[in-house]
Amino acid sequence: MQGIFRLRHMIVTIALTLAPAPAFAIDEALLPRNLSPWGMFLGADIVVKAVMVGLGIASLVTWTVWLAKSVELRRKGALALRRTRALEGNIRLAEAAEKAGDAHDAVAQLIQSCAKEAELSGGVLDDGLQERVALRLERVEAAMSRQIARGTGVLATIGATAPFVGLFGTVWGIMNSFIGISESHTTSLAIVAPGIAEALLATALGLVAAIPAVVIYNHLVRGIANYRALLGDASAQLMLLVSRQRDHRDFRLARAAE
């Protein structure tokens, strides 16, 4: 009896050894071993690779613009606030223009433009003086606002288009997966998984590029609005200064002293 059981055990062992492997074992063996983000990038189609590289560059541009504009807004905002506070004191336009000198910051250019118009008016203190000064200040303020907002438009573009670019990579990767299924005549997970993984990676990169771009754009818009408000305060202080000097006829006295 023991010999019969031993023989039966040997037959079963040989049968299991010679039997074909289950389908799931084959699929597991055929699956790619490296499904890390870098591995999926290396294994991606050339079009999906181009989409990923483009989204990576867009993300780099986003953070570069954020750093540059944040530093610029902080520096120019602090200088504009300091010059605006100086105009609130008992100061004359000539003194403010002398302190501004040949500086190229926004408030300095407002002061220089105001002083230039007062000089061109030749001491004629009529209602047109304040109107001309207001027009000059408005033009300078608009120019400085455009200058400080330069470079932020690219953030809006990235925030609006990056998700769709990532979606294009997703569609292309899934399309390649279906092509692989059609060519191999099988629905094996080993055929479908890499293309789907690459497609999802493209979608993720699109969101990684778009979400910070939108947040940073809104943050910079608020900072630019605060900077424009400072320029508006500086223009208002200059208009008040011109009005006070007109009431005291400081322009005419200064011209007579010359």
For residues 211-232, please give each side-chain donor-acceptor pair under 3.5 Å, one per line with the distance, not counting sequence neighbours.
unit_1: Asn218; atom_1: ND2; unit_2: Val214; atom_2: O; d: 3.3
unit_1: Asn226; atom_1: ND2; unit_2: Arg222; atom_2: O; d: 3.3

### Query
Is there a donor-acceptor pair closer than 3.5 Å between any side-chain N or O of Gln237 and the backbone N or O of Ala86?
no
### Query
Is the side chain of Gln109 donor-acceptor paired with the backbone N or O of His104 at a distance under 3.5 Å, no angle test?
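Flag set: sc Gln109 to bb His104 pair under 3.5 Å.
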### Glu88, CD atom: more than 12 neighbouring heavy atoms under 6.0 Å
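Check passes, neighbour count above 12.
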### Task
Give a yes or no on this: more than 12 heavy atoms of other residues, nucleotides or ligands lie within 6.0 Å of atom CD of Glu95.
yes
### Message
How close do Ala100 and Gln112 get, counting heavy atoms only, and between which atoms?
### Response
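So the minimum-distance heavy-atom pair works out to O-NE2, 4.2 Å.
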Linking I/L/V/M/F/W/Y whenever their side-chain heavy atoms sit closer than 4.5 Å, directly or via other members, would [X] and [Y] fall into one cluster?
X      : Y      : answer
Met175 : Val165 : yes
Phe168 : Phe164 : no
Leu201 : Val47  : yes

### Message
Within this structure, what is the CG-CG distance for the pair Leu167 and Leu207, rounded to the nearest 0.5 Å?
### Response
10.0 Å
### Summary
CZ of Arg83 to CG of Asp233, rounded to nearest 0.5 Å, is 16.0 Å
### Summary
In Glu138, Glu141, Arg136, the residue satisfying side-chain hydrogen bond (donor to acceptor under 3.5 Å, both in side chains) with Ser235 is Glu141
All N/O donor-acceptor pairs, side-chain side in residues 50-73, below 3.5 Å, sequence neighbours left out:
unit_1: Thr62; atom_1: OG1; unit_2: Ala58; atom_2: O; d: 3.0
unit_1: Thr64; atom_1: OG1; unit_2: Leu60; atom_2: O; d: 2.8
unit_1: Trp66; atom_1: NE1; unit_2: Ser70; atom_2: OG; d: 3.4
unit_1: Lys69; atom_1: NZ; unit_2: Glu72; atom_2: OE1; d: 2.9
unit_1: Lys69; atom_1: NZ; unit_2: Ile148; atom_2: O; d: 2.7
unit_1: Lys69; atom_1: NZ; unit_2: Arg150; atom_2: O; d: 3.0
unit_1: Ser70; atom_1: OG; unit_2: Trp66; atom_2: O; d: 2.6
unit_1: Glu72; atom_1: OE2; unit_2: Lys76; atom_2: NZ; d: 3.0

### Message
One pair to check against side chain to side chain contact (heavy atoms under 4.5 Å, CB included): Val48 and Thr170. What are the steps and the verdict?
### Response
CA-CA 8 Å; Val48 181; Thr170 299; over 6 Å; no
### Query
Is there a side chain to side chain contact (heavy atoms under 4.5 Å, CB included) between Leu238 and Val107 once you walk through the steps?
CA-CA 10 Å; Leu238 286 171; Val107 179; 5.9 Å; no
